[in-house]
K.L.:
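Encoded as structure tokens, here's the structure I'll be asking about.
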Amino acid sequence: MVNFATAALLGLSAAVLTDAGPALCALRVCPSHSPPITPVNGSLSNVKDFTSLHDARDAARGLRRQPECPTVEVTLCSGVHTLATPLLLTLEDSNTVWRSEATVSGATATISAGVSVEGWVPEKEIGPRVHSAPIPPGLGQKTPESAAFRHMWAANIPDLNPPAAPSVGSVTVAAVSPGPAGVHAGDTTWRRLQRASIEGIPETCGTFTDYASGCMSFRLPNDETMTLTWGGNATGAPAFISDSAHPLTWQSKPVEFVFSRVGVPWIESRCEVASVTPHGDGAAIYLAQPCWDWFMARGCMSHAGSPCPHALRNASVGGGLHPRRIENFNGVIGMAENAGRFATADGKVFYVLGEREDEVPPTMAAAPHALIEGVEGLANVQFINITFEFSARGPRPDSDTGHMETQTGYHACYANDTQAVPGTNSTHSPDRGLADIPAAVHFAAARDITVINCTFRHLGGSGLWFDHGSQGSTVSGSVFSDLSGAGVMVGGIGDPTEADPEAQTANNSIVGNWVANVSQEYHGTAALVVGYARSTVISHNEVGFVSYSGLSLSWGWGAASYAGDNHVVGNHIHHTMCGELLDGGSIYTLGPQPGSTVHDNYVHSQCKKYGVLYHDGGSGWWHTYNNVVADSPNSVWLLINSYNPPFFTNGSFDPGSTQFPNWDFQPPNRVENIYVDNSTFFDPVTGQNTTMLHCDSPRVKDGDVNCTATRITVVGDREPWPPNAQSIMDAAGPITLPRPSRQT
């Protein structure tokens, strides 16, 4: 099958890329609650209608067994196709085109797991503007597969809810660059509601260091202040001692502690409160186990010695192991700062009216399952012009293991967990592995899957994932916004030494998409995440308004793998690293990837450090050239950490670690012909060049000779960009792709 992205770059018409036969090889599915809309042409007027996607899938299987129907086209009428269970696609569903029906109005089909929240009543004993409703059936209980109810959206009524500037994490960004309507501010119909929370009192928060930003004290109702003291690391000790008895009211309420930049600056972790007991005039707070033990270990990972010297050193100044905020805090739902937010407790969802609201607006929740689940063997399937929304498939912070991040969304779990990435337990301990941020549309080891002109929005996890072993698959011309996790994921992190080329993740493309306001909940997740992969093309996308990295490519911190021949080309990436976390980049790579390039990208407005162009831990054989970097004075424009970083085993650096081997020679990285504006190139305080090349290794002390940065053009604050730089800026971002039409 011809790849859509490749075809677009070659100037081919997308119309020739679908090969469905005549009407007898076509089906149509229309939502049972709305009549089909007459298509623009009458080509499908004699096609049998189905009312469910599952029935249409089964009928397509029957058609495909006929010799005259090698490919079947399933047309979705405009309207909402609601799924009570995922649409499972197997080998039997190969060679299928799923497309939205073209209509006179331009309306498209939507696949959704949305559930309306009904039955709101006042809760005046809690607060004059607080209402509650029963949590919809099936959404209130956490299971081994899903978290309990934690996402809700409200109808965006323009007169009551004026559009806000795009926001990422705790940072609001006012600038908006061109793109499809709604890509930056999100869908104008629904707005994501935040969970009720309390933030730490600023003067008690340890913001003075990259590694400690927790807070000692929090403001409660009636202007009461709660101060937390670390409970120590003795077996059975509480996590925190509160000087207030207010936590005793948390019983049976799923309160969640959120930790930012603790131990290492690039992670945000979450543990749920397990129990609270009286302690003098206050309370002892116990967090879920092993979440809390794992978190304490993670908080000390980068510091030799025991027990937790860094946390102990900062415990009195609000750093160390203290939370940054406390979420789903039903006890403060009536506080003014929680207007327009919600919390859950005892089978109910509570909502406090917004400033201009007199009643609860229409509200929508999402069922905790995927929308599309493609299993190994599925091949040659297209999805065209379809919207995917309201799926809460995602991580489970309310489990015993919580959400203990390692990097870019991957987080600790039991090795036998259903969400564990196979093989990752070998890098931690036999009983512990890593899980990812699951996606609403997921394909495992699939072949030649094409997603074009689709929209992914209002999701409680990631959007689209071509999982480990996927090959020849493409997403192009699509929009990703208002997601809890990543926009697009490719490959995995459990297969670095996969020797069989047919089992590797290879030849996949992310081309011409708009990705904005993702990582809205799991703030340590990059917008685009690629694991171990080869021959990946990430080209002409616009990525912006994200809390962490714009894109993250590969894994392993120097470990040998099959990754290579990956190319980041012509992208427009801006407003990254705009949340609370540090140590990411607009373009971020890990590990050796021979034959890989970063070129002709326009990257600007990175909010925080470290590198805008960032080749981290063991990156090697990258050729980075013809890029423009601008408007990022708080970042290092180029950062290369291509040595193998120290790996701590039981608190000691182990230079012979087999999981993180030291290379006998320093892998080369060549950077050239870069255009950087003056405010980014020079540190505004010291006036020094911000280029950072950390290329030595324990075995090669002169490794900088293999890391070069040449032909760097620094452009003054009031100087025009050179013509070559302007050409790069003008060409960066999505290519306008023709919309494919059904063959006749």
K.L.:
How are the rings of Phe383 and Phe388 set relative to one another: parallel (under 30°), tilted (30 to 60°) or perpendicular (over 60°)?
P.N.:
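Perpendicular: the ring planes of Phe383 and Phe388 meet at over 60°.
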
K.L.:
Once you round to the nearest 0.5 Å, how far does CD1 of Ile372 lie from CZ of Phe443?
P.N.:
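That separation rounds to 6.5 Å.
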
K.L.:
Strictly by modelled atom types, are Thr96 and Arg57 linked by a side-chain donor-acceptor pair under 3.5 Å?
P.N.:
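Thr96 vs Arg57: no donor-acceptor pair found between side chains.
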
K.L.:
Between Thr110 and Ser112, do the side chains contain an N or O donor and an N or O acceptor separated by less than 3.5 Å?
P.N.:
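There is no such pair between these side chains.
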
K.L.:
Considering only NZ, NE, NH1 and NH2 on the basic side and carboxylate oxygens on the acidic side, decide whether Arg28 and Glu73 come within less than 4.0 Å.
P.N.:
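Salt bridge flag = no for Glu73 with Arg28.
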
K.L.:
What is the distance from atom OG of Ser473 to atom CD1 of Ile449, rounded to the nearest 0.5 Å?
P.N.:
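Between Ser473 OG and Ile449 CD1, I get 5.0 Å after rounding to 0.5 Å.
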
K.L.:
Phe480 vs Phe456 aromatic rings, parallel, tilted or perpendicular, using cut-offs 30° and 60°?
P.N.:
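Plane angle under 30°, so parallel.
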
K.L.:
Using distance alone, with no hydrogens and no angle criterion, decide if Thr450 and Thr474 have a side-chain donor and acceptor under 3.5 Å apart.
P.N.:
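Judged by distance alone, the side chains do not pair up.
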
K.L.:
Mind checking the CG-CG spacing from Leu528 to Leu553? Nearest 0.5 Å is all I need.
P.N.:
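These two atoms lie 9.5 Å from each other.
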
K.L.:
State, with a plain yes or no, whether a side-chain heavy atom of Leu459 is found less than 4.5 Å away from one of Asp482.
P.N.:
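Sidechains of Asp482 and Leu459: no contact.
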
K.L.:
So, for Val537 and Ser539, which heavy atoms are closest and what is the spacing to 0.1 Å?
P.N.:
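Smallest interatomic distance, heavy atoms only, reads CG1-CB, 3.7 Å.
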
K.L.:
Verify salt bridge (Lys or Arg N to Asp or Glu O under 4.0 Å) between Arg270 and Glu268, making sure each step is shown before the conclusion.
P.N.:
CA-CA 7 Å; Arg270 297 165 176 266; Glu268 180 181 86; 3.7 Å; yes

K.L.:
Val29 versus Val74: any side-chain heavy-atom pair under 4.5 Å?
P.N.:
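Sidechains of Val74 and Val29: in contact.
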
K.L.:
Nearest 0.5 angstrom please: Ser481 OG to Trp514 CH2, how far?
P.N.:
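Reported to 0.5 Å precision, the distance equals 12.5 Å.
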
K.L.:
Got Trp190 and Met364 here, is their nearest side-chain heavy-atom distance under 4.5 Å?
P.N.:
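Touching, per the 4.5 Å side-chain cut-off.
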
K.L.:
With no hydrogens and no angle check, just 3.5 Å: does a side-chain donor-acceptor pair link Tyr588 and Gln407?
P.N.:
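Yes, a side-chain donor-acceptor pair sits under 3.5 Å.
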
K.L.:
Rounded to the nearest 0.5 Å, how far does CG of Asn541 lie from CG of Leu551?
P.N.:
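These two atoms lie 9.0 Å from each other.
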
K.L.:
Tell me yes or no: between the side chains of Asn507 and Gln471, is some donor less than 3.5 Å from an acceptor?
P.N.:
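Short answer, no.
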
K.L.:
What I want to check is whether the side chains of Tyr414 and Asp400 have a donor and an acceptor closer together than 3.5 Å.
P.N.:
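The answer is no; no qualifying pair exists.
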
K.L.:
Would you say the side chain of Leu434 lies within less than 4.5 Å of the side chain of Ile493, judging by non-hydrogen atoms?
P.N.:
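The answer is yes, as the side chains (C-beta and beyond) meet within the 4.5 Å cut-off.
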
K.L.:
Would you please test Ser94 and Arg447 for side chain to side chain donor-acceptor pair (under 3.5 Å) and show each step?
P.N.:
CA-CA 9 Å; Ser94 298; Arg447 294 292 189 271; over 6 Å; no

K.L.:
Say whether His442 and Asp467, considering side chains only, have a donor N or O and an acceptor N or O under 3.5 Å apart.
P.N.:
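Note: His442 and Asp467 side chains meet the donor-acceptor criterion.
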
K.L.:
Out of His411, Met404, Arg150, which one pairs with Pro397 under the side-chain contact (heavy atoms from CB on, under 4.5 Å) rule?
P.N.:
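Single side-chain contact (heavy atoms from CB on, under 4.5 Å) partner of Pro397 among His411, Met404, Arg150: Arg150.
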
K.L.:
Using only atom types and a distance under 3.5 Å, with no angle test, would you say the side chain of Ser52 pairs donor to acceptor with the backbone of Asp55?
P.N.:
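Side chain of Ser52 to backbone of Asp55: a pair is present.
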
K.L.:
Which atoms form the tightest heavy-atom contact between Gly595 and His567, and what is the distance?
P.N.:
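So the minimum-distance heavy-atom pair works out to O-CE1, 3.3 Å.
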
K.L.:
Taking atom types as modelled, is there a side-chain donor on Thr589 or Ser619 under 3.5 Å from an acceptor on the other?
P.N.:
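Yes - a donor-acceptor pair under 3.5 Å links their side chains.
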
K.L.:
What is the ring orientation for Phe390 with Trp153, classed by angle as parallel under 30°, tilted 30 to 60°, or perpendicular over 60°?
P.N.:
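Correct class here is perpendicular.
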
K.L.:
Taking all non-hydrogen atoms of both residues into account, name the closest pair between Ser519 and Val546 and its distance.
P.N.:
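Of all heavy-atom pairs spanning Ser519 and Val546, the closest is OG-CB, 4.1 Å.
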
K.L.:
Ala563 and Ser554: which non-hydrogen atoms are nearest, and at how many Å?
P.N.:
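Closest heavy-atom pair between Ala563 and Ser554: CB-OG, 3.9 Å.
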
K.L.:
To check you understand the geometry: which heavy-atom pair defines the closest contact between Ala527 and Val515, and what is its length?
P.N.:
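Smallest heavy-atom distance, with atoms named: CB-CG1, 4.0 Å.
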
K.L.:
Show the numbers, then the answer: is there a salt bridge (Lys or Arg N to Asp or Glu O under 4.0 Å) between Glu256 and Arg195?
P.N.:
CA-CA 10 Å; Glu256 195 168 279; Arg195 300 203 301 172; 2.9 Å; yes

K.L.:
Is any side-chain heavy atom of Pro86 less than 4.5 Å from a side-chain heavy atom of Leu371?
P.N.:
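Contact flag for Pro86/Leu371 side chains = no.
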
K.L.:
Is the shortest heavy-atom distance from the side chain of Pro31 to the side chain of Cys77 under 4.5 Å?
P.N.:
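A side-chain contact under 4.5 Å exists here.
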
K.L.:
Apply the test salt bridge (Lys or Arg N to Asp or Glu O under 4.0 Å) to residues Glu373 and Arg393: give CA-CA distance (whole Å), side-chain angles for both, the deciding distance (0.1 Å), then the verdict.
P.N.:
CA-CA 11 Å; Glu373 187 69 61; Arg393 188 193 195 193; 3.2 Å; yes

K.L.:
Kindly give the heavy-atom pair with the smallest separation between Tyr548 and Thr576, and that separation in Å.
P.N.:
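For Tyr548 versus Thr576, the nearest heavy atoms are O-CB, 3.6 Å.
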
K.L.:
Do Ile386 and Ile111 touch side chain to side chain, with heavy atoms closer than 4.5 Å?
P.N.:
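The answer is yes; the side chains approach within 4.5 Å.
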
K.L.:
We want to know whether Asn601 and Asn571 form a side-chain donor-acceptor pair, criterion being a heavy-atom distance below 3.5 angstrom.
P.N.:
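Result is yes, a qualifying pair exists.
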
K.L.:
Using 0.5 Å steps for rounding, measure from the OG atom of Ser476 to the NE2 atom of His540.
P.N.:
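NE2 of His540 is found 13.0 Å from OG of Ser476.
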
K.L.:
Does the side chain of Arg99 reach to within under 4.5 Å of the side chain of Thr108, using non-hydrogen atoms?
P.N.:
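Not touching, per the 4.5 Å side-chain cut-off.
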
K.L.:
Are Arg534 and Asp565 within salt-bridge range, i.e. N to O under 4.0 Å?
P.N.:
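No, Arg534 and Asp565 are not salt-bridged.
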
